[in-house]
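Remember, it's 1-based here, ligands and their atoms both numbered in the order they're listed. The figures here come from the full heavy-atom set of this structure, side chains too, leaving out hydrogens, waters and symmetry mates.
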Amino acid sequence: MIIIMKAGSSPDQVKTITDHLEGLGYIIHKSEGVERTIIGAVGAPNLDKTEAAEQLRAYDWVEEVIFVSRPYKFVAKEYKPERTVIDVRGIKIGGTAVAVMAGPCTVESEEQVMKTAEAVSRAGARFLRGGAYKPSTSPYSFHGLGEPGLDILQTAASQFDMRVVTEVMDVRKVEIVAAKSDVLQIGTRNMQNYDLLREVGQAKVPVMLKRGMSAKYEEWLLAAEYIATHGNPNIILCERGIRTFETYTRNTLDLAAVPVLRGLTHLPVVIDPSHGTGRRELVGPMCLAAVAAGADGIMVEVHPNPDHAVKDGAQSVTLEQFASFTPQVAAVARAVGRSL
Ligand code: PEP
Ligand code: MN
């Protein structure tokens, strides 16, 4: 359940309530807003929930006690009425500006990343994406440059004042990837890797959680709840397409995820039209649609020479194509009261 304290209640009054809840066997998470504190209580209580709620309502400084019937709490909209804005070393995700993330699928060389970073930052991207550790369906595919790849991303990002978004796949690598990047990406194949979710929950950098390719919204939000309950509230959800019967596109990009998630959670939502469609000619139009629908960001695969990309060339746009549709994305952003 969620306990909303009256505006201006003192730390002592908040403590009285958290002590009471802990006494009943609840685990407590507090969200301290500018005006009021909201307490989330989870776990198996020693007392019936309705009785517990009645006791809490008896305190003068409790405004409201809400039961959340959904299985996730900390990522639920009810827990935090205002939307989460994540500050990534001074660049925000979830505010009025739409975050633009761009870069190659895979870090191949310093020259490739430098060239891409220069072009996409000029076109308005503030986040440099790129995989140093690559998940692959086939064990025979390229698996990334590893740590040297992280260094290349860092060098390029610092040159163009960008922030690095990169995937971590292994619990043993969370520390090093977190030290050398700004946002940890959890890929679609790992959305339900609970050990990894727990580990990034303890990291000090934000996490971008991609939707599992056949995950329902509830499963996705529960995966986010793992990260939140392990201490990391800075979570970005990324829709990257789901599996359907359609094979013309690589996946089916579920743009309804944007308004659906806006109704269910306070977390920011980013759209990845590259993996979402698998076809470069569809990436620009889907970026426009994503921003029109209210997405907090877009993440696009961009390559200086997509036909020679090690991975995902067919869905990667050229530097020129990226620069040609970003002004249109900016125009849509303005039309819906946002900016790039
Ligand atoms: C990627 O972003 O390059 C990637 C591997 O994404 P996904 O996990 O969505 O397939
Ligand atoms: Mn890719």
Measure the distances from the heavy atoms of [X] to every atom of ligand 1 and state whether one is below 4.0 angstrom.
{"X": "C105", "answer": "yes"}
{"X": "R211", "answer": "no"}
{"X": "Q185", "answer": "yes"}

Query - Distance-only donor-acceptor check, side chains E301 and H275, under 3.5 Å - result: yes

Report task. Could you verify whether a donor N or O on one side chain and an acceptor N or O on the other, from H29 and Y79, lie under 3.5 Å apart? Result -> no

Query raised in the report: Nearest non-hydrogen atom to atom 8 (O) of ligand 1 belongs to which of T188, T137, V165?
Result: T188

Report task. May I ask you to list the atoms of ligand 1 that are less than 4.0 angstrom from any heavy atom of G187? Result -> 8 (O)

Query - Counterpart residues, side chain to side chain contact (heavy atoms under 4.5 Å, CB included), relative to A215 (two or more places apart) - result: M191, R211, E219

With the Mn ion (ligand 2) as the point of reference, which N/O/S atom of [X] is the closest?
{"X": "H275", "answer": "NE2"}
{"X": "E301", "answer": "OE2"}
{"X": "D312", "answer": "OD2"}

Just need the protein heavy atom nearest to [atom], so name the residue and atom and give the distance.
{"atom": "atom 6 (O) of ligand 1", "value": "K210 NZ, 2.8 Å"}
{"atom": "atom 4 (C) of ligand 1", "value": "H275 NE2, 3.4 Å"}
{"atom": "atom 10 (O) of ligand 1", "value": "R240 NH2, 2.9 Å"}

Query - Rounded distance (nearest 0.5 Å) linking atom CZ of R129 with atom CD of E167 - result: 8.5 Å

Report summary line: Output for pair (I186 CD1, E199 CD), nearest 0.5 Å, gives 10.0 Å

Test your reading of the model: is there a side-chain donor-acceptor pair from [X] to the backbone of [Y], 3.5 Å cut-off?
{"X": "Q154", "Y": "A156", "answer": "no"}
{"X": "W220", "Y": "L209", "answer": "yes"}
{"X": "N232", "Y": "A203", "answer": "yes"}

Query raised in the report: Applying a 4.0 Å heavy-atom criterion (strictly less than), which segment of K134 is in contact with ligand 1: side chain, backbone, both, or neither?
Result: side chain

Query raised in the report: Relative to ligand 1, is M213 under 4.0 angstrom through side chain, backbone, both or neither, heavy atoms considered?
Result: neither

Query - Pair K134-D312, salt bridge (Lys or Arg N to Asp or Glu O under 4.0 Å): steps then yes or no - result: CA-CA 11 Å; K134 291 306 298 180; D312 289 353; 5.5 Å; no

